[in-house]
**Q** 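Pasting a structure here, questions to come.
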Amino acid sequence: MKKQASYEIKKNQSLAKDIFLMTLVGPMDFSPKPGQFINIKIDGFYLRRPISICSFDEESMDIIYKIVGNGTHALSQMLPGQKLDVLCGLGNGFDLSLASGKIVLVGGGVGIPPLYGLAKELKAAGSQFSAVLGWQTGDQAFFIDEFAALCPTHGATNDGEIGKKGTVTDILKELSYDYYFTCGPKLMLKAVHDLGGNGQLSFEARMGCGFGACMGCSCKTLSGSKRICTQGPVLRSDEVIFS
Ligand SMILES: Cc1cc2nc3c(=O)[nH]c(=O)nc-3n(C[C@H](O)[C@H](O)[C@H](O)COP(=O)(O)OP(=O)(O)OC[C@H]3O[C@@H](n4cnc5c(N)ncnc54)[C@H](O)[C@@H]3O)c2cc1C
Ligand code: FES
């Protein structure tokens, strides 16, 4: 269910280099699903900024974001007590009913947050799963302990500061799994997809309008172009075409 409402910032704290966790308090009756995202109106910016829901309860939701430009920088300057206009319940989210056997969650950078809500749901369902999390550098790493509390967790960094020196696919090649859920930069999604097998990929495409009008976020699939904002962000591995 889509919803537009005002949310109060309860917490906005640094987690790692350029990475922030924000807790938003407000109406949570839109039945959030892991993999869905919100679209935040930031004062002074025309376009809303899409950010995945990391986790939620009856009163609030957590998001984790990286400062990459002016919008996310402005967000990082906001203080507890300030309010944000938020569009909620966007995107299809992950479809757990398609997964079976040994599941692996594969996250890269700020693709990791939506997988945390998914991990909590898989744990509650008694599923067998593990997580492979990757960052460019160790100083950007976050949520290793939070994932490790839910499942066997492997980390990889390009600089080797945390976990294996290399990429998430270096770890995946050594693991046996039947199904994957992945979110992260497009190059990482392609590398995971290229390893084969079945799974679901969540895209963090650059967006324009955010409501299906501009095709700015489109992704090639076997059934034509799909808009990440309205038909994603999650697509099945057997429909995606990487060009
Ligand atoms: C469905 C979805 C979920 C997302 N979830 C998260 C999340 O949980 N946490 C998070 O930190 N980010 C997430 N993003 C990305 C986030 O929306 C952008 O980083 C943000 O909008 C950038 O805003 P800005 O004003 O700071 O940067 P801008 O000034 O708009 O851009 C600054 C730089 O970042 C690049 N950039 C902007 N948007 C993206 C993007 N989507 N992907 C890659 N590069 C981009 C630009 O090309 C430019 O180089 C998500 C995106 C989508 C589509
Ligand atoms: S952002 Fe315009 S169609 Fe998706």
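As the structure lists them, so they are numbered: ligands from 1, and atoms in each ligand from 1.
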**Q** In total, how many protein N/O/S atoms does one find closer than 2.8 Å to atom 2 (Fe) of ligand 2?
**A**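 Near atom 2 (Fe) of ligand 2, the number of protein N, O or S atoms below 2.8 Å is 2.
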**Q** Below the 3.5 angstrom mark, is there an N/O of Phe37, backbone or side chain, next to an N/O of ligand 1?
**A**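 No; the residue has no nitrogen or oxygen that sits under 3.5 Å from a nitrogen or oxygen of the ligand.
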**Q** From atom 44 (N) of ligand 1, is the closest protein heavy-atom distance below 4.0 Å?
**A**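 When distances to the protein are checked, atom 44 (N) of ligand 1 has no heavy atom within 4.0 Å.
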**Q** Does the distance from a Lys or Arg side-chain N to an Asp or Glu carboxylate O, for Asp62 and Lys11, drop under 4.0 Å?
**A**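 The answer is no: the pair does not qualify as a salt bridge.
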**Q** Does any N or O atom in Gly71 lie less than 3.5 angstrom from one in ligand 1, N or O only?
**A**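 Yes, there is a polar N/O contact under 3.5 Å.
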**Q** For atom 34 (O) of ligand 1, find the nearest protein heavy atom and state the residue, atom name and distance (0.1 Å precision).
**A**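 Of every protein heavy atom, Val68 CG2, 3.6 Å lies nearest to atom 34 (O) of ligand 1.
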**Q** Heavy atoms only: which of Gln36, Met207, Lys66 lies closest to atom 11 (O) of ligand 1?
**A**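 Shortest heavy-atom distance from atom 11 (O) of ligand 1: Lys66.
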**Q** Output the distance between atom CG (Leu105) and atom SG (Cys151), rounded to the nearest 0.5 Å.
**A**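 Between atom CG of Leu105 and atom SG of Cys151 there are 6.0 Å.
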**Q** Taking transitive links into account, so neighbours of neighbours count too, which hydrophobic residues share a cluster with Met215 at under 4.5 Å side-chain distance?
**A**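 None, because no other hydrophobic side chain comes under 4.5 Å of this residue.
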**Q** Take Phe20 and Gln13 through the side chain to side chain contact (heavy atoms under 4.5 Å, CB included) test and state the conclusion after the steps.
**A** CA-CA 5 Å; Phe20 279 72; Gln13 70 183 36; 5.8 Å; no
**Q** Would you mind checking which non-hydrogen protein atom is closest to atom 53 (C) of ligand 1, with the distance to 0.1 Å?
**A**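 That would be Ala205 O, 3.0 Å.
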**Q** Taking the side chain from Gln77 and the backbone from Ala74, do they hold a donor-acceptor pair closer than 3.5 Å?
**A**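 Not a single qualifying donor-acceptor pair exists.
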**Q** Sequence neighbours left out, what passes salt bridge (Lys or Arg N to Asp or Glu O under 4.0 Å) with Asp238? Give chain and number order.
**A**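 Residues passing salt bridge (Lys or Arg N to Asp or Glu O under 4.0 Å) with Asp238: Arg236.
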**Q** Could you list who else is in Leu189's hydrophobic cluster, with ILVMFWY side chains joined at under 4.5 Å, directly or through other members?
**A**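 Joined to Leu189, directly or through intermediates: Phe37, Leu87, Leu90, Val104, Val106, Val132, Val168, Ile171, Leu172, Leu175, Tyr177, Tyr180, Met188, Val192, Leu195, Leu201, Phe203, Met207, Ile228, Leu235, Val240, Phe242.
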**Q** Can you sort out which atoms of ligand 1 are near Tyr65, meaning under 4.0 Å from one of its heavy atoms?
**A**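 Under 4.0 Å from Tyr65, ligand 1 has these atoms: 9 (N), 10 (C), 11 (O).
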**Q** Does Ile51 reach ligand 1, in the sense of a heavy atom lying below 4.0 Å from it?
**A**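 True for this residue.
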**Q** If you have a sec, work out which protein heavy atom is nearest atom 4 (C) of ligand 1 and how many Å separate them, to one decimal?
**A**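 Looking at atom 4 (C) of ligand 1, the protein heavy atom closest to it is Pro50 O, 3.5 Å.
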**Q** Would you indicate which of Asn70, Ile228, Ile67, Thr72 comes nearest to atom 26 (O) of ligand 1 when only heavy atoms are counted?
**A**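 Comparing heavy atoms across Asn70, Ile228, Ile67, Thr72, the nearest one to atom 26 (O) of ligand 1 lies in Thr72.
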**Q** Quick check: does any side chain N or O of Asn92 sit under 3.5 Å from a backbone N or O of Val234, one acting as donor and the other as acceptor?
**A**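 Yes.
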**Q** For the 3.5 Å polar cut-off, considering only N or O atoms, please tell me whether Arg206 and ligand 1 meet it.
**A**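 Yes, at least one N or O pair falls under 3.5 Å.
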**Q** Quick one: look up the protein heavy atom nearest atom 40 (C) of ligand 1 and list residue, atom name and how far away it is.
**A**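 Checking every protein heavy atom, the shortest distance to atom 40 (C) of ligand 1 gives Glu204 O, 3.5 Å.
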**Q** Identify, for atom 21 (O) of ligand 1, the protein heavy atom at the shortest distance, and state residue, atom and that distance.
**A**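 Going atom by atom, the protein heavy atom closest to atom 21 (O) of ligand 1 ends up being Arg49 CD, 3.5 Å.
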**Q** If the threshold is 4.0 Å, N to carboxylate O, is there a salt bridge linking Glu174 and Lys164?
**A**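 Between Lys164 and Glu174 there is a salt bridge, with a charged N closer than 4.0 Å to a carboxylate O.
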**Q** Between Lys102 and Ser176, is a side-chain hydrogen bond (donor to acceptor under 3.5 Å, both in side chains) present by the stated rule, with each step listed?
**A** CA-CA 8 Å; Lys102 277 192 263 175; Ser176 99; 2.6 Å; yes
**Q** Please assess Ile40 against Tyr65 for the test side chain to side chain contact (heavy atoms under 4.5 Å, CB included), listing each intermediate value before the final yes or no.
**A** CA-CA 12 Å; Ile40 305 177; Tyr65 61 92; over 6 Å; no
**Q** Would you say Lys165's side chain and Asn158's backbone share a donor-acceptor pair under 3.5 angstrom?
**A**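 Answer holds: yes.
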**Q** Where the closest heavy atom to atom 5 (N) of ligand 1 is concerned, which of Ser52, Gly69, Gly111, Gly35 has it?
**A**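 Nearest heavy atom to atom 5 (N) of ligand 1 lies in Ser52.
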**Q** Among all protein heavy atoms, pick the one closest to atom 9 (N) of ligand 1 and tell me residue, atom and distance.
**A**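 It is Ile64 O, 2.9 Å.
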**Q** Is it true that Glu239 and Lys226 have a side-chain N and a carboxylate O under 4.0 angstrom from each other?
**A**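 The answer is yes: the pair qualifies as a salt bridge.
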**Q** Starting from the C-alpha separation in whole Å, work towards a yes-or-no answer on side chain to side chain contact (heavy atoms under 4.5 Å, CB included) for Met28 and Glu59.
**A** CA-CA 6 Å; Met28 293 303 296; Glu59 292 171 351; 5.5 Å; no
**Q** Ignoring hydrogens, tell whether any protein atom lies closer than 4.0 Å to atom 48 (C) of ligand 1; use the non-hydrogen atoms only.
**A**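 Under 4.0 Å from atom 48 (C) of ligand 1, zero protein heavy atoms found.
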**Q** Nearest protein heavy atom to atom 51 (C) of ligand 1: under 4.0 Å?
**A**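 Answer yes: something from the protein, a heavy atom, is under 4.0 Å.
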**Q** Determine, stepwise, if the pair Asp29 / Lys3 fulfils salt bridge (Lys or Arg N to Asp or Glu O under 4.0 Å).
**A** CA-CA 9 Å; Asp29 55 351; Lys3 185 168 192 111; 3.1 Å; yes
**Q** Of the side chain and backbone of Cys217, name the one, both, or neither that has a heavy atom under 4.0 Å from an atom of ligand 1.
**A**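 Neither; no heavy atom under 4.0 Å.
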